[in-house]
Amino acid sequence: MDTALIIEKFVLVVILFLISLGIAAYSTYFERKLAAWIQDRVGPDRAGPFGILQPIADGVKMFLKEDFTPQNSDKWLFIIGPGIAMFTALITSAIIPWGPDITLFGRTMSLQVTDFNVGVLYIFGVVSIGVYGIMIGGWASNNKYSLFGAIRASSQMISYELAMGISLITIVLMSGSLSLTDIVNKQHGMDWNIWYQPISFLVFFICSLAETNRAPFDLPECESELIGGYHTEYSSMKLGLFLFSEYVAMFVSSALMAILFFGGYNFPGMDAFSGNLLALLCVVAFFAKIFFFIFVIMWIRWTIPRFRFDQLMHLGWKTLIPIAIINMLITGLVIAFNQGWF
Amino acid sequence: MTYELISYILGGLTIGSALMVILSRHPIRSVMYLVITFFFISGHMVLMNAQFLAIVNVIVYAGAIMVLFLFVLMLLNLNKESEPKMSIASQVAAIISGGIFLLVLLAALSESILPPMPQQMSKSIADIQNEGLVQNLGQLLFSKYIVPFEVSSILFLAAMVGSVLLAKREKQNTEEL
């Protein structure tokens with residue numbers, strides 16, 4: 001453990017933090033522009049050319065608003081709720097391999113904060129504790145709509161975690177490893193998992209929409225029924241953190257989809273390059289995939305109406321979980337057959 | 001040594017948060033302290049190089065069971081006022097019986113203290129680094145411990161079938177009524 005390694009990792013963590021927040025901030029702008037485009041409007045265009053300073057204006061507005069705490073709320077839990085939401089949204093990026101190793105100042109550096117050997121399980125762990133932010137925030141507000149939002153969020157997240165986990169087992173079976181680096185390296189060039197596991201991807205995609213509380217699964221904050229859901233009582237930057245954590249989670253889950261199913265930083269024809277140029281192109285390819293998924297998630301939000309709660313539960317328990325289990329069994333059988341077990 | 005320092009700090013934090021679970025008068029805060037305790041226990045597992053167990057501990061206990069606890073507590077809406085007040089006599093009785101239980105536990109566990117550090121250090125570093133890996137755990141589960149593993153999975157299956165059956169019967173009754 002040398003000092004250079006610590007500095008290197010520290011710099012990487014700070015850069016990842018800034019990138020996550022920057023992309024999340026500009027996702028809000030992008031989402032509003034996209035919504036405007038889909039609905040044939042102009043969208044935000046007052047702050048700066050084409051309105052590109054809009055996220056900064058929003059941020060300043062959030063900070064300058066009155067920070068109101070309801071009278072009968074649980075003060076301490078009310079404060080840490082948004083904090084937990086933001087924390088869980090951010091920590092997943094620690095295990096994401098952003099690109100192949102680069103050589104800088106005579107040192108080989110990994111573009112990954114840590115290659116955790118149970119990376120896939122770490123994702124599940126973060127997803128499963130992600131619900132605490134919303135639950136704690138919703139309950140501490142001491143408002144019946146917030147409580148409804150919190151309860152909806154927790155039951156929705158618990159239900160969709162199962163199908164998500166089972167759909168990921170097929171990827172683990174195919175790669176033979178729980179490490180995200182190994183999973184990415186197995187998909188060299190164009191040999192992506194999506195060609196082998198389209199059903200698994202579909203299940204994972206739907207579940208990650210549900211886990212990030214994006215439409216059509218945004219029942220926890222369903223404004224037509226629950227005012228604002230779990231963040232009804234929140235104001236100022238606490239509300240900002242809740243809204244922001246949704247965009248960070250969207251960025252991270254897009255990155256995960258790119259890694260698990262679309263080859264991560266691999267792109268066709270990557271063997272023609274080497275060294276730092278390869279690393280740079282890989283990072284560009286990876287971010288292109290991430291932005292594509294962010295676009296698809298937004299596109300879905302402005303296209304499909306919200307589910308009813310019983311439809312949501314029906315889809316989760318009676319459709320996605322059986323599909324995922326059958327898919328997992330078939331994958332297991334095919335792998336066993338290929339290895340000559342029969 | 002850094003390792004020992006970290007494990008002492010972690011141990012202190014674990015005991016502190018575990019104490020807060022009982023001392024906190026607020027049910028929801030107790031649950032939160034319990035979740036924190038599970039995280040510290042996972043930290044100990046990471047120190048012992050058992051990343052798999054650490055993560056599974058977080059997923060199962062902090063991520064699933066405690067969420068259900070919190071879910072139920074939120075619906076019950078317990079708070080400081082609704083907590084039953086106990087008389088002094090019952091409090092004293094609880095302290096005495098708890099103390100005796102602690103004594104029995106200490107007596108029972110004092111013989112089975114974990115092997116001291118030197119024994120673990122005698123293994124090669126590669127051995128220690130590979131000890132808690134998923135591959136080794138999986139191979140052990142499917143060879144040496146196959147019978148307990150399968151029996152416990154049947155137990156889980158029985159519990160699942162049982163809960164489905166219970167939910168179903170309730171539905172039929174309401175339809176008959």
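Chain letters run A, B, ... following the sequence lines, proteins first and then strands; every chain starts at 1. These numbers were taken from a predicted model, which means no experiment stands behind them.
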> B:M32 versus chain A, heavy atoms under 4.5 Å apart: side chain, backbone, both or neither?
Replying inline: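 Looking at B:M32, just its side chain touches chain A.
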
> Is it the backbone or the side chain of B:F38 that comes under 4.5 Å from a heavy atom of chain A, or both, or neither?
Replying inline: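 For B:F38, neither part sits under 4.5 Å from chain A.
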
> CD1 of B:I55 to OG of A:S128: how many Å apart, nearest 0.5 Å?
Replying inline: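 Output value for this atom pair is 9.0 Å.
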
> Distance from B:L73 atom CG to A:M135 atom CE, nearest 0.5 Å?
Replying inline: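 If we round to the nearest 0.5 Å, B:L73:CG and A:M135:CE are 9.0 Å apart.
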
>> Heavy-atom cut-off 4.5 Å, strictly under: side chain, backbone, both or neither for A:L121 against chain B?
In response: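 Interface part for A:L121: both.
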
> Side chain, backbone, both or neither: which part of A:S155 has an atom under 4.5 Å from a heavy atom of chain B?
Replying inline: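 Both parts, heavy atoms under 4.5 Å.
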
Heavy-atom neighbours of [X] [atom1] exceed 12 at 6.0 Å:
{"X": "A:F87", "atom1": "CZ", "answer": "no"}
{"X": "B:L23", "atom1": "CG", "answer": "yes"}
{"X": "B:Y33", "atom1": "OH", "answer": "no"}
{"X": "A:F78", "atom1": "CZ", "answer": "yes"}
{"X": "B:F69", "atom1": "CZ", "answer": "no"}

>> One pair to check against side-chain contact (heavy atoms from CB on, under 4.5 Å): B:V35 and A:I129. What are the steps and the verdict?
In response: CA-CA 10 Å; B:V35 172; A:I129 59 168; 5.6 Å; no

> Where is the tightest heavy-atom contact between A:S154 and B:V67, given as atom of each residue plus distance?
Replying inline: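 Result for this residue pair: CB-CG1, 4.3 Å.
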
> What closest approach, in Å, do B:R29 and A:W76 show between heavy atoms, and which atom pair accounts for it?
Replying inline: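 Closest approach of B:R29 to A:W76, heavy atoms only: NH2-CB, 3.7 Å.
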
>> Pair A:Y132, B:L70 - check side-chain contact (heavy atoms from CB on, under 4.5 Å), show working.
In response: CA-CA 9 Å; A:Y132 280 111; B:L70 209 56; 3.7 Å; yes

>> Under the criterion side-chain contact (heavy atoms from CB on, under 4.5 Å), I'd like the reasoning laid out for A:I158 against B:L68: C-alpha separation, chi angles, the key distance, then a yes or no.
In response: CA-CA 9 Å; A:I158 292 171; B:L68 290 178; 4.0 Å; yes

